[in-house]
Each structure stands twice: as C-alpha cells, then as structure tokens.
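We use all heavy atoms of the structure for the numbers below, so side chains are in, but hydrogens, waters and symmetry mates are not.
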Amino acid sequence: MSYDFDNLKIIYNKIYEVAVQIGQLIDRKIYTELVTFLNKKEQLYKESGALIEKLKTTGEDLSSLTEICTKIQKQEQSNITALTMLRDKIKKALNYANKRTKLLNAY
C-alpha cells in the first residue's frame with residue numbers, strides 16, 4: 001500500500017467521524033454548528049477526490065475501502081433522513097402559522 005492510499009484511508013475515517021458528529025448535532029438539536037461540520041466534510045471529500053484520481057493512475061486496488069465507504073453511506077443516509085424529518089416538521093409548523101396569520105388578518 002502506498003502513502004496516498006494510507007492518506008485516503010485516513011481521510012475516509014475522518015469523513016465518517018464528521019458524519020457521526022453531524023448526526024449527534026442533529027440528535028441534540030444543535031443546528032447552528034452544522035454548517036461548520038458540513039464545510040469540513042466537503043473539504044475532506046475534495047481531498048479524497050484528488051487522492052482517488054492519483055491512485056487511479058497507479059492502478060492501486062481500492063476495494064479494501066469498501067467497508068468504510070459503506071459505513072459513511074449509512075451514516076450519511078441516517079443524517080439525511082433526520083434532516084428531512086426536521087424539514088417536514090418545520091414546513092408543517094410554517095403552514096399552520098401562515099393559516100393562523102391569514103385567519104387573524106381576516107378579522
């Protein structure tokens with residue numbers, strides 16, 4: 001295994017850790033911190049993309065990263081599901097508030 005492969009593995013582990021931290025922030029309803037972690041995760045994805053391109057040119061086998069990629073994917077899906085539920089809840093509350101405001105304005 002090469003130095004670039006080891007770095008890619010480290011970056012994937014960091015991506016997973018950040019995804020877990022995002023999930024914890026969602027669970028604890030600390031939404032103001034999400035942007036920082038999402039930006040950090042985006043930067044890690046950019047770094048991993050560059051390393052993947054390097055490793056493709058060398059023909060190195062990346063199949064051993066399947067496990068960590070699956071863990072990342074599951075965590076990301078969990079985060080998306082939680083945020084989607086939150087979004088739906090906010091939409092419902094906004095619709096109720098809008099209807100109530102219209103009703104109050106009618107009188």
Side-chain angles (χ1 to χ4, degrees):
M1 288 189 204
S2 69
Y3 176 75
D4 288 333
F5 181 83
D6 291 339
N7 280 340
L8 182 61
K9 193 171 186 177
I10 290 168
I11 289 172
Y12 275 172
N13 283 318
K14 286 180 182 180
I15 290 171
Y16 177 71
E17 289 171 15
V18 170
V20 168
Q21 290 172 336
I22 289 170
Q24 291 171 347
L25 289 172
I26 294 167
D27 290 344
R28 293 186 310 194
K29 300 178 180 173
I30 306 174
Y31 307 116
T32 56
E33 300 293 321
L34 286 177
V35 173
T36 304
F37 284 89
L38 291 171
N39 289 338
K40 185 176 183 179
K41 187 176 67 167
E42 183 179 337
Q43 182 61 35
L44 289 169
Y45 274 122
K46 286 179 183 177
E47 290 176 29
S48 69
L51 284 174
I52 288 170
E53 290 303 316
K54 271 184 170 179
L55 290 168
K56 280 183 181 178
T57 61
T58 64
E60 189 155 354
D61 181 27
L62 303 177
S63 62
S64 63
L65 296 173
T66 304
E67 183 180 336
I68 187 67
C69 289
T70 302
K71 286 173 61 176
I72 291 169
Q73 185 179 19
K74 285 180 182 178
Q75 183 62 47
E76 292 284 10
Q77 188 59 46
S78 174
N79 292 347
I80 290 169
T81 301
L83 287 173
T84 301
M85 288 175 25
L86 175 65
R87 182 197 65 199
D88 293 345
K89 185 177 176 180
I90 290 170
K91 275 185 179 180
K92 188 176 180 180
L94 280 173
N95 285 337
Y96 174 77
N98 286 337
K99 287 178 185 178
R100 189 162 187 247
T101 301
K102 287 179 183 178
L103 183 62
L104 289 172
N105 288 338
Y107 287 106

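- The salt bridge (charged side-chain N to carboxylate O under 4.0 Å, His left out) test applied to Glu53 returns Lys56, not counting sequence neighbours.
- Under the 4.5 Å side-chain heavy-atom criterion for Ile, Leu, Val, Met, Phe, Trp and Tyr, Tyr16 and Leu62 are members of the same hydrophobic cluster.
- Here the straight-line distance linking atom CD1 of Ile22 with atom OG of Ser78 works out to 11.5 Å at 0.5 Å rounding.
- Closest non-hydrogen pair, Gly23 versus Asn79, comes out as CA-OD1, 3.2 Å.
- Rounded to the nearest 0.5 angstrom, Met85 CE and Thr81 OG1 are separated by 8.0 Å.
- The distance from the NZ atom of Lys14 to the CG atom of Asn7 is 8.5 Å, given to the nearest 0.5 Å.
- One finds the CD1 atom of Ile68 at 12.0 Å from the CD1 atom of Ile10 (value rounded to the nearest 0.5 Å).
- In this structure, Glu60 CD and Phe5 CZ are separated by 6.0 Å, a value rounded to the nearest 0.5 Å.
- Between Leu44 and Val18 the shortest side-chain heavy-atom distance falls below 4.5 Å.
- Applying the side-chain contact (heavy atoms from CB on, under 4.5 Å) rule to Leu94 yields the partners Ile90; only residues at least two apart in sequence or on another chain are considered.
- Considering CD of Gln24 and CG of Asp27, their distance stands at 7.5 Å, rounded to 0.5 Å.
- A donor-acceptor contact closer than 3.5 angstrom is absent between the side chains of Glu17 and Asn13.
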Tabulate below the donor-acceptor pairs under 3.5 Å that side-chain atoms of residues 28-43 make, not counting sequence neighbours, or state none.
| residue | atom | partner | partner atom | Å |
| --- | --- | --- | --- | --- |
| Asn39 | ND2 | Val35 | O | 3.3 |
| Lys41 | NZ | Glu76 | OE1 | 2.9 |
| Lys41 | NZ | Glu76 | OE2 | 3.0 |

Candidate pair Ser63 and Asp61, rule side chain to side chain donor-acceptor pair (under 3.5 Å), full reasoning: CA-CA 6 Å; Ser63 62; Asp61 181 27; 2.9 Å; yes

